[in-house]
Amino acid sequence: MQSLQHKASEWSGVPSDEAFAIDDTNRFLKLGLQTFINLSTNFYNRVYDDDEEWFRSIFADSEKQNAIQNQYEFFVQRMGGPPLFSQRRGHPALIGRHRPFPVTHEAAERWLHHMQQALDSTPDIDDDSKIKMQNFFRHTAYFLVAGNELKKQNEQMPCKHAAGSDNS
Ligand code: HEM
């Protein structure tokens with residue numbers, strides 16, 4: 001079976017080494033906390049205002065301010081800053097945390113559309129960081145799609161007792 005990383009690269013069109021070039025500089029030191037807060041605020045303002053109800057509704061059970069904080073604390077931690085996310089929420093385990101949500105190819109493209117607009121309209125993000133973040137987000141979004149497909153496959157798999165008793 002292809003690994004999730006492999007699928008993420010194939011579906012996103014971003015090879016793993018390009019996605020992880022996010023780590024070639026400490027983005028937190030370069031951009032600062034406020035830029036990450038601004039980026040996540042900008043992103044979630046777009047998500048919660050989305051005209052596409054099917055996408056907006058994925059976030060219906062989350063409070064916007066909370067979602068903003070969860071996201072920027074993860075970005076800060078992942079991009080070289082203090083472990084704010086883990087201190088408050090525990091291990092990131094992104095596939096597990098997205099388990100309740102329909103993370104389809106279509107949802108990934110919508111998420112990336114809003115993130116692209118947020119990156120383009122948040123001041124103080126240099127071009128290099130923008131490109132590296134785009135690649136990292138694209139790869140991660142499809143990594144989550146791959147995790148979601150695996151979840152669906154596992155749900156369809158009958159349990160061993162059911163398989164054993166099915167003589168039809
Ligand atoms: C692919 C499409 C995606 C969908 C549909 C999606 C959906 C969601 C939803 C509905 C939440 C709950 C909001 C909250 O309460 O915090 C969430 C949380 C989160 N997402 Fe995503 N997401 C996607 C992609 C991503 C990507 C690409 C990343 C990282 C680069 C990411 C990182 C996070 C983080 C860190 C949280 C907070 C988790 C927590 O604190 O429990 N998501 N996402």
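For the numbers below, each heavy atom of this structure counts, side chains included, while hydrogens, waters and symmetry mates do not. Start at 1 and go down the list; that is how both ligands and their atoms are numbered.
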Stepwise salt bridge (charged side-chain N to carboxylate O under 4.0 Å, His left out) check, Arg89 with Glu73:
CA-CA 10 Å; Arg89 305 279 295 149; Glu73 287 189 351; over 6 Å; no
May I ask you to list the protein N, O or S atoms found at less than 2.8 Å from atom 21 (Fe) of ligand 1?
His98 NE2
Identify the two heavy atoms, one from His139 and one from Ser9, that lie closest to each other, and give their separation to 0.1 Å.
NE2-OG, 3.2 Å
Under a 3.5 Å distance rule, please check whether Ser3 uses its side chain to pair with a backbone N or O of His6 as donor and acceptor.
yes
Enumerated ligand 1 atoms positioned under 4.0 Å from heavy atoms of Ile58
10 (C)
How about Phe59 and Tyr44: are their ring centres within less than 6.0 Å of each other?
yes
Hey, does Phe85 sit under 4.0 Å from ligand 1 if you only count heavy atoms?
yes
What protein heavy atom sits nearest atom 37 (C) of ligand 1, and how far away is it?
Asn70 CB, 3.5 Å
The atoms of ligand 1 lying under 4.0 Å from a heavy atom of Ala108, numbered in the order shown, are 1 (C), 2 (C)
Ranked by distance from atom 15 (O) of ligand 1, the top protein heavy atom is Ser62 OG, 2.9 Å
Is Asp128 salt-bridged to Lys132, cutoff N-O under 4.0 Å?
yes
If you take all heavy atoms of Gly147 and Leu4, which pair is closest and at what distance?
N-CD2, 4.0 Å
Is it true that a side-chain atom of Arg110 and a backbone atom of Arg56 form a donor plus acceptor pair closer than 3.5 Å?
no
Which ligand 1 atoms are under 4.0 Å away from a heavy-atom of Phe137?
27 (C), 30 (C)
Is Phe136 reachable from Val14 through a run of hydrophobic residues whose side-chain heavy atoms are each under 4.5 Å from the next?
no
Quick test: of every protein heavy atom, which one is nearest to atom 5 (C) of ligand 1, and how far off is it to 0.1 Å?
Ala107 CB, 4.1 Å
Do the ring centers of Trp111 and Phe43 come within less than 6.0 Å of each other?
yes
Are any of the N/O atoms in Arg89 less than 3.5 Å from those in ligand 1?
yes
Check for me whether the distance between the ring centres of Phe55 and Tyr48 falls short of 6.0 Å.
no
